[in-house]
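Worth knowing before you read on, the calculation uses all heavy atoms, side chains too, and leaves out hydrogens, waters and symmetry mates. A, B, ... follow the sequence lines: proteins, then strands. Residue 1 opens every chain.
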Protein chains: 2
Amino acid sequence: MHIRLSKIIDLSADDQQAIAELPVTIRDFSADHDIVRDGDRTQHCCIVLEGFTCRYKVISDGRRQILAFNIPGDIPDLQSLHLQVMDHSLATLVPSRLGFVAHTHMRDLCERRPGVAAAMWRETLIDGAAFRAWITGMGRLSARARLAHLLCELLLRLDAVGLADGFRYRLPLTQAEIGDALGLSVVHVNRILQDLRAEGIIAIDRRTVNILHWDGLRAIGQFDPAYLHLKNGATAID
Amino acid sequence: MHIRLSKIIDLSADDQQAIAELPVTIRDFSADHDIVRDGDRTQHCCIVLEGFTCRYKVISDGRRQILAFNIPGDIPDLQSLHLQVMDHSLATLVPSRLGFVAHTHMRDLCERRPGVAAAMWRETLIDGAAFRAWITGMGRLSARARLAHLLCELLLRLDAVGLADGFRYRLPLTQAEIGDALGLSVVHVNRILQDLRAEGIIAIDRRTVNILHWDGLRAIGQFDPAYLHLKNGATAID
DNA sequence: CGAAACTTTGAAAAGGATCAAACTTTGTGG
DNA sequence: CCACAAAGTTTGATCCTTTTCAAAGTTTCG
């Protein structure tokens, strides 16, 4: 597996080698395609190689809540390794390429190499940290702050895997999808985005976001990147 | 350590024995006492033995968001084993007794016994599943539904560790604390509780909740216990 | 080029927040 | 064991953020 496991880096050369030797099946998916569904029992984990995916839950009236966006390097369903039944779904948002690794191989590797197990465990813990930050935003921040926070988070995460160009990045999401993630209506998302643009804080041109005033956006979203546990801390951006 | 590690159960006798031999320091805390704070680097994990604790984050204006309530048997900061810096705080809500185990001992045990490592990993994954359910509620459910959901969740969790009496349990939370968890104002929490009582769905007498109409409450909160990953599934209550 | 998907705009309504004050319970010191 | 202060609950009135509904623009893509 000759893929950068982005965040799993504090590993010995041997451990990295062992990961690289895991058998992977690569598959391409079209946009808006479910990869695993709530309730499924899955035997594989997947890695996002290219594209953009999301984890989501559907409530009884059919509306959905997006729980997380996944970018290349992410392993969105790593938790399935120890939680057999999915408690949410995973879907592509744009055409995406994913790598699949069988649980059996991963469990085997974890038993043989505690270092790999610890690194993967850590990966799922960072996941949890992001959920906590999300809950805090949903419970206590205004819609405007939540949206600003999301835009800040995506910049740092995309930058960490080389997919940002300074303060500019491709964000292939509709406003409806942003709303589903932030718990807001499309209409309101639209109005907030317009405000932020009118204030000269961001610019959006054909699904490419450009953050014109990083400190301003960060202040609006009360964004503190600590919860992302990025290896290079503040990153080159600060 | 002669304590029931409630949910960590799918372990061999040897593994259980090894856990039981971990050196634990027991300490008692008064109510509303911070155990670890956002930003701390901690060298121990703690187990709630008696009482009630919560994990929370404070935002810039001083308001807080409670992320989770912890009951006896929970290990609220297990994630600190691999995430050195706390991204939230942990505090008692009532006088509580906690057990502390050094990270060094736990890491050592995880290296020696992959089964224990996997069980603990799983524990943190269940934590993550609860956060996902929480986010869904915060984003897409009404205040009334969220409150109903919380009351349902607490019944099942307390029942799983023998702290519920049928549909009745002690809930030592103020309405302000419930509000901090659900992202609601005290006033609104109060009004919803009154509605639920007036409708004969719950009764509350001196911090003891009695769920009079379980199916009704469950329907209001769209409560599906799958995300709790309780060993006995539906539990005796259903 | 045309249909479908997405964004934008306006107006009205709802769900919760905030503010302020009264009432009730709990815990503590005398 | 009582009295009182502090903490928590309840009530009413008003305000504001966000939702909903409806319809008109604008992109995108086959």
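Residue-level contact check: Arg207(A) touches the backbone only, with heavy atoms under 4.0 Å from sugar-phosphate atoms and none from bases. Counting non-hydrogen atoms under 4.0 angstrom, Arg197(A) reaches the backbone sugars and phosphates but no base.
Between the CD atom of Gln194(A) and the P atom of dT26(D) there is a distance of 13 Å, given to the nearest Å. Rounded to whole Å, atom P of dT7(C) lies 15 Å from atom CG of Leu196(A). Between the CZ atom of Arg206(A) and the C1' atom of dC6(C) there is a distance of 15 Å, rounded to whole Å. To the nearest angstrom, P of dT17(D) lies 16 Å from CZ of Arg140(A). Separating the CD1 atom of Ile204(A) from the C1' atom of dT26(D) is a distance of 15 Å, rounded to the nearest angstrom. Taking atom CG of residue Asp61(B) and atom C1' of nucleotide dA17(C), one finds them 13 Å apart after rounding to whole Å. In this entry the distance linking CG of Leu193(B) with C1' of dT9(D) reads 10 Å, nearest Å. The interatomic distance linking Asp205(A) (CG) with dT28(D) (C1') rounds to 14 Å, in whole Å.
Atom CZ of Arg197(B) sits in a crowded spot, with more than 12 heavy atoms from other residues, nucleotides or ligands closer than 6.0 Å. The environment of Arg97(B) atom CZ is sparse: at most 12 non-hydrogen atoms of other residues, nucleotides or ligands sit within 6.0 angstrom.
Judged by atom type and distance alone, Arg191(A) reaches the base of dG10(C) through a side-chain donor-acceptor pair under 3.5 Å.
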Salt bridge (Lys or Arg N to Asp or Glu O under 4.0 Å) between Arg63(A) and Asp180(A), intermediate numbers included: CA-CA 8 Å; Arg63(A) 290 183 308 163; Asp180(A) 281 348; over 6 Å; no
With a cut-off of 3.5 Å and sequence neighbours excluded, list every side-chain donor-acceptor pair involving residues 186-193 of chain A.
residue	atom	partner	partner atom	Å
Asn190(A)	OD1	Gln194(A)	NE2	2.3
Asn190(A)	ND2	Gln175(A)	OE1	2.8

Which side-chain N or O atoms in residues 48-55 of chain B pair as donor and acceptor under 3.5 Å with protein atoms at least two apart or in another chain?
residue	atom	partner	partner atom	Å
Thr53(B)	OG1	Asn70(B)	OD1	3.0
Arg55(B)	NE	Pro76(B)	O	3.2
Arg55(B)	NE	His88(B)	NE2	3.0
Arg55(B)	NH1	Pro76(B)	O	3.2
Arg55(B)	NH1	Asp127(B)	OD1	3.4
Arg55(B)	NH1	Asp127(B)	OD2	2.8
Arg55(B)	NH2	Pro76(B)	O	3.4
Arg55(B)	NH2	Gln79(B)	OE1	3.2
Arg55(B)	NH2	His88(B)	NE2	3.3

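The CG atom of Leu173(B) sits 7.5 Å away from the CD1 atom of Ile66(B) when rounded to the nearest 0.5 Å.
Seen from the ring of Tyr227(A), Arg132(A) does not count as a face-on cation partner, given the 6.0 Å and 45° thresholds.
Within residues 172-190 of chain B, the residues approaching DNA chain C are Gly183(B), Leu184(B), Ser185(B), Val187(B), His188(B), by heavy-atom distance under 4.0 Å.
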